[in-house]
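Order of the sequence lines sets the chain letters (A, B, ...), proteins ahead of strands, with each chain counted from 1.
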Number of protein chains: 2
Amino acid sequence: MPSSPVPSRPPGRASSPTAGRIRKRPEERREEIVDAAAAIALDAGMERITLRAVAERLGVRPGLITHYFPAAEDLVVEAFSRASASERELFFPADERTPIQRLAHFVDHMERGLSAPLARLWLNAQHLSRFVPALDAALQQQDALDRERLSGILADGIASGDFAEVDVETASQRILLAVDGTGSYINSSAELGAVRRGFVADVAEWTLGLEPGALRRALG
Amino acid sequence: MPSSPVPSRPPGRASSPTAGRIRKRPEERREEIVDAAAAIALDAGMERITLRAVAERLGVRPGLITHYFPAAEDLVVEAFSRASASERELFFPADERTPIQRLAHFVDHMERGLSAPLARLWLNAQHLSRFVPALDAALQQQDALDRERLSGILADGIASGDFAEVDVETASQRILLAVDGTGSYINSSAELGAVRRGFVADVAEWTLGLEPGALRRALG
DNA sequence: CAGTCCATTGGTCGTATGGCCAATAAGCCC
DNA sequence: GGGCTTATTGGCCATACGACCAATGGACTG
């Protein structure tokens with residue numbers, strides 16, 4: 001995710017103490033920092049976003065991170081939003097399939113565990129927002145975006161007659177509640193049973209008036 | 001929760017540097033420590049269980065906590081198990097009501113938000129178990145106990161004809177998945193809408209073949 | 001080419017953590 | 001009552017964190 005994996009250091013040895021100083025445009029550097037923090041959040045957890053960790057990943061001194069984010073907490077929040085937004089695209093492909101196929105893709109993506117990093121991040125943020133009000137706000141925002149996307153699919157499906165004429169807002173909230181319920185086990189080492197694996201699909205079919213198995217069959 | 005809130009210090013001023021040294025039976029002291037840690041976990045979060053915080057709550061020196069828990073992490077795990085187990089009793093009253101009433105009580109207890117501390121603790125543990133394998137194990141154990149309790153109610157209800165003849169294991173897992181989904185919003189400042197508030201009841205009624213509203217009516 | 005701005009560095013400070021250890025004293029046993 | 005076990009203390013250490021600041025030097029402007 002970081003736009004430049006490691007800043008190319010001029011001659012000298014790899015970690016030469018006299019390593020060259022690379023000056024970048026503020027916007028570019030800021031992007032780099034947020035990207036690095038988002039990457040850390042995804043694969044090590046948000047509490048691992050420290051000035052030192054981010055700086056090291058970028059081959060830069062910790063003070064520089066402080067320069068861009070005087071309050072480290074703000075970086076954490078921004079990193080979450082970025083990581084969350086970028087992962088969302090994997091869930092909701094912007095192609096032109098039918099509503100039921102798009103919903104099936106969404107459900108399937110999760111049953112296969114392809115969203116594990118995002119699920120972990122989500123759980124992480126849900127807990128951490130207990131201590132970081134700004135993160136709570138960012139979480140609500142990202143949640144609203146998800147609900148919006150899902151509601152769009154559901155509305156299309158109801159219009160096309162694929163789904164029963166249920167309240168879109170209720171249905172999307174229920175499905176996302178099922179997603180959260182399933183996701184809350186993401187860090188568990190227990191084997192994933194059929195009930196948990198199929199919960200989102202079951203809830204979706206129940207609340208949308210589909211016959212059991214309809215989503216799985218829609219994958220084609 | 002701590003059996004003795006603050007150890008009575010002999011004469012002298014409250015925080016006298018020459019405060020008396022109180023020697024307790026190891027088992028008793030150990031209980032005290034776990035209780036204090038559990039209390040901290042419930043109202044401040046498990047990451048706030050530190051040697052110093054626990055020691056201060058007991059009016060004792062941090063080194064004493066280390067004496068009983070050479071690895072602080074073990075205290076965290078034990079504190080979680082204790083807090084979780086003690087809160088469980090509030091959910092599953094051991095009285096002699098009908099299955100549907102017991103289930104209704106369980107659902108109602110949550111809709112009213114009476115289980116907020118436990119929900120927060122649960123979310124806390126679900127996230128933290130990512131980094132603490134022993135906590136993951138404890139979490140699975142507590143989860144199994146919950147499922148056992150709930151399954152007992154469901155089995156009774158099916159036997160009595162109150163619930164449809166569904167698979168008990170599937171039903172209890174689904175209901176607890178709904179609980180987890182709802183609980184994942186416990187730290188959100190967003191107002192709790194009707195959909196989220198009623199999700200557990202809706203899922204329970206759906207999966208147990210009850211008519212909508214049956215649980216709410218069973219409260220009497 | 002000289003001057004200015006500010007991105008970047010290197011270093012320091014205060015705080016908090018878990019862990020370790022020797023000294024102390026409380027209470028039990030003989 | 002004397003001695004022994006060990007619960008408890010007080011102190012120290014290494015580490016990691018966020019924050020702050022003066023000095024440096026890269027790049028742009030005139």
**Q** Send over the distance from B:Tyr68 OH to D:dT6 P, rounded to a whole Å.
**A**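 Value for this atom pair: 12 Å.
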**Q** In whole angstrom, what separates B:Glu56's CD from C:dA16's P?
**A**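 That distance rounds to 11 Å.
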**Q** Find the distance A:Leu64:CG to C:dG11:C1' and express it as a whole number of Å.
**A**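 Whole-Å distance recorded here is 15 Å.
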**Q** Please check if atom CZ in A:Arg97 has more than 12 non-hydrogen atoms from other residues, nucleotides or ligands closer than 6.0 Å.
**A**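 Yes - once you tally the heavy atoms of other residues, nucleotides and ligands closer than 6.0 Å, there are more than 12.
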**Q** Over 60° means perpendicular and under 30° means parallel, so classify the ring planes of B:Phe199 and A:Trp206, tilted if in between.
**A**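 Judged by the thresholds at 30° and 60°, the geometry between A:Trp206 and B:Phe199 is tilted.
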**Q** Among residues two or more places apart or on two chains, list those pairs meeting salt bridge (charged side-chain N to carboxylate O under 4.0 Å, His left out) that have a residue in residues 46-56 of chain A.
**A**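 Checked against salt bridge (charged side-chain N to carboxylate O under 4.0 Å, His left out) - neighbours excluded - no pair reaches residues 46-56 of chain A.
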**Q** To the nearest Å, give me how far apart CD (B:Glu32) and C1' (D:dA7) are.
**A**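 Rounded to whole Å, this separation is 13 Å.
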**Q** Give me the one residue out of B:Arg120, B:His109, B:Glu87 that meets side chain to side chain contact (heavy atoms under 4.5 Å, CB included) with B:Ser115.
**A**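 The side chain to side chain contact (heavy atoms under 4.5 Å, CB included) with B:Ser115 is passed solely by B:His109 among B:Arg120, B:His109, B:Glu87.
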**Q** Going by the angle between their ring planes, with limits at 30° and 60°, are A:Phe106 and A:Phe92 parallel, tilted or perpendicular?
**A**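 Answer is parallel, since the angle falls under 30°.
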**Q** Is A:Arg196 positioned over the aromatic face of A:Tyr185, cation under 6.0 angstrom from the ring centre and no more than 45 degrees off axis?
**A**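 Verdict for A:Tyr185: a cation-pi partner in A:Arg196.
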**Q** Closest nucleotide of DNA chain C for A:Arg61 versus for A:His67: which of these residues is on the 5' side?
**A**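 The residue closer to the strand's 5' end, by nearest nucleotide, is A:His67.
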**Q** Calculate the interatomic distance between B:Ile65 atom CD1 and D:dG10 atom P; express it in whole Å.
**A**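 Rounded to the whole Å, the gap is 14 Å.
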**Q** Along nucleotides 17-26 of chain D, 5' to 3', which nucleotides get a B, which get an S, and which get a -, given that the test is a protein heavy-atom distance under 4.0 Å?
**A** BBS----BBB
**Q** Please examine the side chains of A:Arg29 and A:Glu32, heavy atoms only from C-beta on, and report whether any two atoms are closer than 4.5 Å.
**A**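 Contact flag for A:Glu32/A:Arg29 side chains = yes.
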**Q** How long is the line joining NZ of B:Lys24 and C1' of D:dT6, in whole Å?
**A**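 After rounding, the gap between these two atoms is 17 Å.
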**Q** So how far off straight is the helix from C:dC1-D:dG30 to C:dC30-D:dG1, going by the axes through five pairs at either end, to 10°?
**A**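 Nearest ten degrees gives 0° for this helix.
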**Q** In terms of side-chain heavy atoms, does A:Ser172 have a donor or acceptor partner in A:Arg147 at a distance below 3.5 Å?
**A**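 Side-chain D/A pair, A:Ser172 to A:Arg147: absent.
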